[in-house]
Amino acid sequence: MTLNRSLITPRTLKGFRDYLPEAMIPRERLMQTARQTFRSFGFAPIDTPALEYLEVLSGKGSDETDRQLYRFTDNGGRDVGMRFDLTVPLARFAAQHIASLQVPFKRYHIAPVWRGENTQAGRYREFVQCDFDTIGTESVMADIEMVVVIDALMSAIGIERFKIRINNRQILTGVLESLGLQDHSVAVLRSLDKLPKIGREKTAAEMVTSANISADQADAVLRLAECTGTPDQVLSTLSNIAGGNATAAQGIERLSQIVSGAIAGGAKAQRLQLDVSIARGLDYYTGVIVETFLDDLPAIGSVCSGGRYDNLAALFTKQHLPGIGASLGLDRLLTAMQQLELLPRVSTPAPVLITLFDDQRRDDYLRMAAALRSHGLAVEVYSEPKKLGAQLKYADEKGFEVAIVAGTQEWESGKVQVKDLKRKIAITADYRHDRPDDLVAAIRSILDESTQPRIAGT
RNA sequence: GUGGGUGUAGCUCAGUUGGUUAGAGCGUCGGAUUGUGGUUCCGAAUGUCGGGGGUUCGAAUCCCCUCACUCACCCCA
């Protein structure tokens, strides 16, 4: 052997990650749950290319966009970029295909996106977004549905303790109008978004300096953002503060409809909060805005955010295409669930291991595995006749919940051992290749009692 | 992008004002135990000290550059 000088160091790019089975299993389950939920509301799957013409992606063209965009010239001399979200590709997609799509068009899209930004905990350069949007309608029905989908999605994932904070940008817009501040909205909103983070005084100070408004005006905006209580209380307080401004009144009325509609649609009332301070930091949204926070881990931020935008595809078509949608922050949610110990720590997707005990009876183990699989159980057969202790250790460390032990005695007597690996107990089950029912029932009873955290839908 | 912190065995870390052969715990592997795993005991292996360059008789230790991770800020269509 020569020295290892010529070896290439195995490594991944900054902000890009490998996913080991233990990370990938809950990840796939989460995506599967999201898919099932979206589909149950009639959202249809689409996909778009990872690469787009640069002009498609940088159409909105801020400096920030340029800095974060992965861009290059392809071998044909075209300027191209990698998508940095799923909304801009959706806009292009809608403009290009709307003629052959029914409106309203409801789609979901689960796919990786890329941003060349600096990494932080939970923020990477390649990450997956789970988007669902409805385009082509301004109906409040779509607004309501977005809230209901978020509620259903979180519940399906197995999270019960969370709050969906809802706001309507029209209210702020209306109040800013009445204060004569409509031209300062972007700066004011940006500051407002920091309210929970830096507190009232600093927020007010920042508004005065960076948005260039008066202290009184800042105070008025902040008073609006500090309405708390039940949705009904907030709505009535807002009406008083907003006075007669028509835009704000319209926004308040719509919020009221969204809350009552969402409850009728199945969302739990105690999870809905109206919060005028959420502004999403963007001037992108024009109507309803939502963010979703975990009761047990609010510091991690919103795990599912979205809102309504007036004209999604204005850059690409003259056709008016209003839209509304939200995005599940898959990576952020996984980080949170890991911290809350809601994720199973397993590196096998199959709960049952058949130990290979008697190498002379390979065919019997294979038949047993086939019989169990035909009953819907995921089963692995150990590949070598190693010491039983070593096989059980393998099973335990990989996260199997059940091990089947069958040696000469068992095969001759027609009974096999079924070990519950978590509780360290064993039971006996009758087994014949043509009569696996007793064994199946024994395995099921162990799996049913398992305390292992699971994600619904698995 | 700005500023701070950290990189030593598979993991968590120790390593004195620069000094000889870089350590511990856990884990791993082998054995006690050729049909039963998380305990115990015995034994063993393992390091480009993140990488490159410099200062020095001598560098894990000091200096420069670089890469990665991390915290805060900026930003987040």
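In this text, all values refer to a predicted model and were calculated from it rather than measured experimentally.
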**Prompt:** Between A:Phe400 (CZ) and B:U36 (C1'), how many Å, whole number?
**Reply:** 17 Å

**Prompt:** What's the CD-P distance between A:Gln417 and B:G37, to the nearest Å?
**Reply:** 11 Å

**Asked** When you measure from the side chain of A:Lys194, which nucleotide among B:C75, B:G35, B:G37 comes out closest?
**Response** B:C75

**Message:** Whole angstroms only, please: what is the CZ-P distance between A:Arg83 and B:C76?
**Reply:** 22 Å

**Request:** Could you measure between the two C1' atoms, the one in B:A68 and the one in B:C49, and give it in whole Å?
**Result:** 16 Å

**Message:** Is there, by distance only and without an angle test, a donor paired with an acceptor across the side chain of A:Glu410 and the base of B:G35 below 3.5 Å?
**Reply:** yes

**Asked** Whole-Å distance between B:C75 P and A:Arg115 CZ?
**Response** 15 Å

**Prompt:** For A:Lys398 and B:G37, is the shortest distance between a side-chain N/O and OP1 or OP2 below 4.0 Å?
**Reply:** no

**Asked** Taking the P atom of each, how far is B:A24 from B:C64, in whole Å?
**Response** 33 Å

**Asked** Got a salt bridge between A:Glu145 and A:Lys106, using NZ or NE/NH1/NH2 to carboxylate O under 4.0 Å?
**Response** yes

**Heavy-atom donor-acceptor pair, A:Arg83 side chain to A:Pro49 backbone, under 3.5 Å** = yes

**Message:** Just N and O in the side chain of A:Lys393: are any of them under 4.0 Å from OP1 or OP2 of B:G27?
**Reply:** no

**Asked** Quick one: does A:Lys419 reach the base of B:U36 with a side-chain donor-acceptor pair under 3.5 Å?
**Response** yes

**Complete:** Output for pair (A:Cys130 SG, A:Phe38 CZ), nearest 0.5 Å, gives 6.0 Å

**Item:** Residue whose closest nucleotide on RNA chain B lies nearer the 5' end, A:Arg123 versus A:Ala390
**Value:** A:Ala390

**Asked** Salt-bridged, A:Asp364 to A:Arg367, with N to O below 4.0 Å?
**Response** yes

**Prompt:** Do A:Arg435 and A:Asp430 sit within salt-bridge range, that is, some charged N less than 4.0 Å from a carboxylate O?
**Reply:** no

**Request:** Sugar-phosphate means primed atoms, P, OP1 and OP2; the rest is base. With that split, encode nucleotides 65-72 of chain B 5' to 3' as B, S or - using protein heavy atoms under 4.0 Å.
**Result:** ---SS-S-

**Prompt:** With A:Tyr365, which of A:Tyr431, A:Tyr382, A:Phe357, A:Trp411 fulfils ring pair (Phe, Tyr, Trp, His ring centres under 6.0 Å)?
**Reply:** A:Trp411

